[in-house]
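Below you'll find the structure, written out as structure tokens, and then a few comments.
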Amino acid sequence: MTALAIDNLDISYGDSKVTHGIGFEVAEGESFALVGESGSGKTTVLKAIAGMAKSWTGSISVFGEPRTHGIDRAFARQCQMVFQDPYGSLHPRKTVDATLSEPLTIHGIGNSGERVDEVMQSVGLDRRFRFRFPHQLSGGQRQRVAIARALILKPRMLLLDEPTSALDVSVQAEILNLLKRLRREQGLTYLMVTHNLPVVSFLCDRLAVMRHGRVVEVADVDQLKRGELVDPYSRELTRFSASLPKT
Amino acid sequence: MNALLEIRNLKVTFPTARGPVDVVKGLSLTLGRERLGIVGESGSGKSMTGRSILRLIRSPGRVTADEMTFNGTDLLSLSEKQMRSIRGARISMVMQDPKFSLNPVMTIGDQIAEALLTHQNLARSDIRSRTFAMLEAVRINDPERVLGLYPHEVSGGMGQRVMIAMMLIPEPDLLIADEPTSALDVSVQAQVLEIIDDLVKRKGMGLILISHDLDLVSAYCDRILVMRSGEVVEECDAGELRNARHPYTQGLLASIPRLDESRDELPVLERTGAST
């Protein structure tokens, strides 16, 4: 089944058009990456899917349901977003417990105590962190909270916006392992935005390379690993990632 | 070789509710006109080391060292005024994020000129021509236009090049670059580092490159210090980083995903208090 289908998507901020005719499909259970440099429009695509960039034309459908231009509850149950910076995406004056319970309250779901407990366990957060505030947690722990917040509604798809770029390499490894394990255990679909190609190699099955608001290439991750991307721009990106010395 | 910078037993201490904490615990280094990389994770004390060289650690933080000399001058005994004549002119520092380090209400041309004017007395026309030349040196193609822009009107990569221009225009002897590219895209990262590298080599400056990115540091430095919780755990030639012996360095190296990644799980460092 197709988890996400995007066709001929043009997104604008005011008068300026940010993306031009974006189109790709993500199968259920697949992990798909959008790569490209800042300003290429990759995050904007995630925002349009999530309902945070409202002015677009074309079509977006998630699990067969066409997306509206705003935020709706049924969609939120299916698909959640994890942001780049765990220092900025958690409310500084809410405890982990409050952050994780809020989606449940909004959606009128009961037994929040158990659900919070369960989700914290699945992202590897110890019970003792439950009543702490974000400033009492490390960066990696905060990103775990952000992932738990996304997972608590049991969505089928996660939109990941550079989920590890604000973290140290060793913490990045922990979060990448976590994302990989969660996907395996819960059969999640990922759409991840990143500019880090090695992260794509580790976590994704396919990728789309974006530049200046257009998709220039869609490729299999094996092509990336073998250095067989076709488009000149994709090759340039690969070269930058590989120019640093290898093991 | 004459040492440009000599540090012995540097300690940086902050008071906390549970008593003073040393964030740098007795670091020693000797730097010639070479490129030294300092790597480590957040909280390893690498930035504190960079800042303490410029005496930028504010109270209640305390910096002590048995020796901290720059070109024979004892940095610790200088007055704040004397220190100001060293900062920028002799030792300068490129910070992480151009968005927060440039003055948002001053044009780029004025900011670069200010860096020059603070330390030298020059005619207006000289300043303009040097600013111009400096922007060209950091590969900004149309300096004429960029001089009149404000920081919010340029991209991150260009902002960082402007920062570098500003830091290098007084022709310092030592450049400290603290995560100069971590706010930038991969493609722009390489460009910015090549510019720094080129200028450092051409002018024979010393460079301290502080970063958490081991690959990057090993590509652009001659020598590397690996720091962990305020201490240097390993020192090696950049080319030898792959053969690092310390378990911490090996752990860091192993945790980075590769472009041709085939591991199913990345090894993670054992740390106290972590839960997986």
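Naming: A, B, ... by sequence-line order, numbering from 1 per chain.
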With a 6.0 Å cut-off (strictly less than), is the heavy-atom count around [atom1] of [X], excluding the residue itself, greater than 12?
| X | atom1 | result |
| --- | --- | --- |
| K180(A) | NZ | yes |
| R58(B) | CZ | yes |
| E235(B) | CD | yes |
| R127(A) | CZ | no |
| R51(B) | CZ | no |

With rounding to the nearest 0.5 angstrom, report the [atom1] to [atom2] distance, [X] to [Y].
| X | Y | atom1 | atom2 | value |
| --- | --- | --- | --- | --- |
| E261(B) | L197(A) | CD | CG | 13.0 Å |
| E41(B) | S138(A) | CD | OG | 10.5 Å |
| S170(A) | H212(B) | OG | NE2 | 10.0 Å |
| L266(B) | E174(A) | CG | CD | 10.5 Å |
| D264(B) | F202(A) | CG | CZ | 7.0 Å |

I256(B) vs P198(A) side-chain heavy atoms within contact, under 4.5 Å = no

query = Would a 4.5 Å heavy-atom cut-off, applied to side chains only, mark L252(B) and V169(A) as touching?
reply =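 They are in contact (side-chain heavy atoms under 4.5 Å apart), so the answer is yes.
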
Steps toward side-chain contact (heavy atoms from CB on, under 4.5 Å) verdict (V268(B), N177(A)) = CA-CA 9 Å; V268(B) 296; N177(A) 286 339; 3.7 Å; yes

key: Toward chain B, the part of E37(A) with a non-hydrogen atom under 4.5 Å   =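 Both parts, backbone and side chain.
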
query = Hey, which residues of residues 208-234 of chain A are touching chain B, say heavy atoms under 4.5 Å apart?
reply = L224(A), K225(A)

key: Taking every non-hydrogen atom, the tightest pair across A173(A) and P267(B)   = CB-O, 4.0 Å

message = I need the minimum non-hydrogen distance between R258(B) and S201(A), along with the two atoms involved.
response =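 Minimum heavy-atom separation between R258(B) and S201(A): O-CB, 3.6 Å.
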
